[in-house]
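Here the structure is laid out as structure tokens; the discussion comes afterwards.
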Amino acid sequence: MSLPEDRDALVIEHLWLVTSIARKICSLLDCNEFLEDLKQEGTVALIRAVDRYDPNEGAKVATYAYSWVRGSMYNFINNNARQGLKISRSIRIQTRKVVFIHDELMKSLGRIPKVEEIAEASSLTTEDVETSLNLLAMSLVDFEEVCNFEDVCDSHQRVVQSPELSRSPEEKVLLKKDIYEALDQLNPDRKNAVILRYIKGLSNKEAAEAMGKTEGSLKVLVHRGLKDLNRILGHPMSTTGENSCSDSDNPNHGGDADGGSQ
Amino acid sequence: MAEVNDIEKRLYQLMLLHLSEAELGAYNDNAVIEVDRLRMESHLDRCLICSRKLQMMRDVMKAKNESAAEHDIALAKAFLGRRRAAAAVVGSIVLAFNLWAKQKRICPGLKTRFSSARVEDGQVEDGSIRWRYVEKESGERIIRFGSHRMELAGVAMIVTAGKVTRTTVLKSVTEDQVGAEVSFSAQEIEIISAGDVLSIDILTKA
């Protein structure tokens, strides 16, 4: 698909995306008077996105163009703050607080935090939290912006950046790439065990059931898988060696070296 | 065990990483590898922010069967028409300019014994795009472009003189004119060979 006429047809076919995003933004910011301006910006962005779209990369046109269109409207909003289209500084500070509190709750609760829980922990109303969440959902206040926003949320409390927020996009990609490549080098059972426990987040019991193994065998697999990962990612192995059964919590049920089935 | 704890920490951090728009899009299209899908689902089970982002994306995508309004289609066609007109014109600018520069021996690095001003004008055949080359007595070289063809707004050009290059973009200077200017300083002229002819090329449309 490289003929100009094909690409023009794709643009016309995906105009719904521009209208849909523009309407969402107008609804969030209560700025219907800017709907046509946003659609104009979004249309130009859609044309640029379709210009650069490569079907061989696997993404659908709408998915690929989504960021372009939304981003162009985001830029329009920022460039027209003085014309009454504005996300105030106080809202941005509030959003930063919501993100920080949310991330802390996410870590401590191990499940999705509720809006009420975020509101209580951050001393905001649920309406304020919802406002911030909606702005984040449409990336009208960006994570990167929130990370770089140097402000004190309360007069007596400095909001500390959480490590997850402070990673650059490049660092995030590298972290993922390193671990995935290392996982691919593990034997299948150890790889599955580590993935179920740490990537899917199952408990030992749940992971063992999923693999059809005992909990003890599962723990052995996980332990050895982690040691393998450690070695592959560049940390030195312990002196006990890879196939040692000297760990005290290392039941040997016979069968394969990594423990038997249930 | 410290090494294992370190790996556990890294895996945990991986699960906590917020999902980018591109990742959410790929996940929504079911276009991710298995381990990545598991990671994203695990994260979405814990993260209200990313869940809301995904839901927002899905809400937007629900409109895909809606037909665009007539005036939206007309607007898009107008933009596309302008682009097509611009694409046809840009190729002719490069050819005309580079031929002109060769014929006129526009060599910014060429220094006469007695420095003097020089002005050379050029244009495409139909006169719709014009340019002026100026050699100042101070040694500075300036190239200015101008056109009434507003569809050229946003066209980025790269101007080359030997080892020195400049990038410029045609911008609206008045309601009915686009223009651009590049200059080479007297210091830069020193590193341009006397025989290097000025040339331009068009970058992708800005």
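Remember, predicted model here, so these are calculated numbers, not experimental data. Residue numbers begin at 1 in each chain, while the letters A, B, ... track the order of the sequences. Note: hydrogens, waters and symmetry copies are ignored here, and every other heavy atom, side chains too, is used.
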Are side-chain heavy atoms of [X] and [Y] found at a separation under 4.5 Å?
| X | Y | value |
| --- | --- | --- |
| A:I112 | B:C47 | no |
| A:E36 | B:H71 | yes |
| A:M138 | B:D59 | no |
| B:I49 | A:V98 | no |
| B:L38 | A:L196 | no |

Can you tell me which portion of [X] sits under 4.5 Å from chain B's heavy atoms? Options are side chain, backbone, both or neither.
| X | answer |
| --- | --- |
| A:R70 | side chain |
| A:V18 | neither |
| A:S67 | both |
| A:L135 | neither |
| A:L183 | side chain |
| A:K60 | both |
| A:Q40 | both |
| A:D51 | side chain |
| A:Y180 | side chain |
| A:L46 | neither |

ask   = Where is the tightest heavy-atom contact between B:V60 and A:W16, given as atom of each residue plus distance?
value =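 Taking B:V60 first and A:W16 second, the nearest heavy atoms are O-CZ3, 3.7 Å.
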ask   = Hey, are B:E21 and A:Y66 close enough side-chain-wise for a donor-acceptor pair under 3.5 Å?
value =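 Side-chain D/A pair, A:Y66 to B:E21: absent.
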Part of [X] within contact of chain A (heavy atom distance under 4.5 Å):
| X | answer |
| --- | --- |
| B:D36 | both |
| B:M40 | neither |
| B:S20 | neither |
| B:I33 | side chain |
| B:Q55 | neither |
| B:A76 | both |

Can you tell which of [options] has the highest number of heavy-atom pairs within less than 4.5 Å of chain B?
| options | answer |
| --- | --- |
| A:H102, A:R197, A:K191 | A:H102 |
| A:I195, A:I47, A:D178 | A:I47 |
| A:H14, A:E130, A:R23, A:E13 | A:E130 |

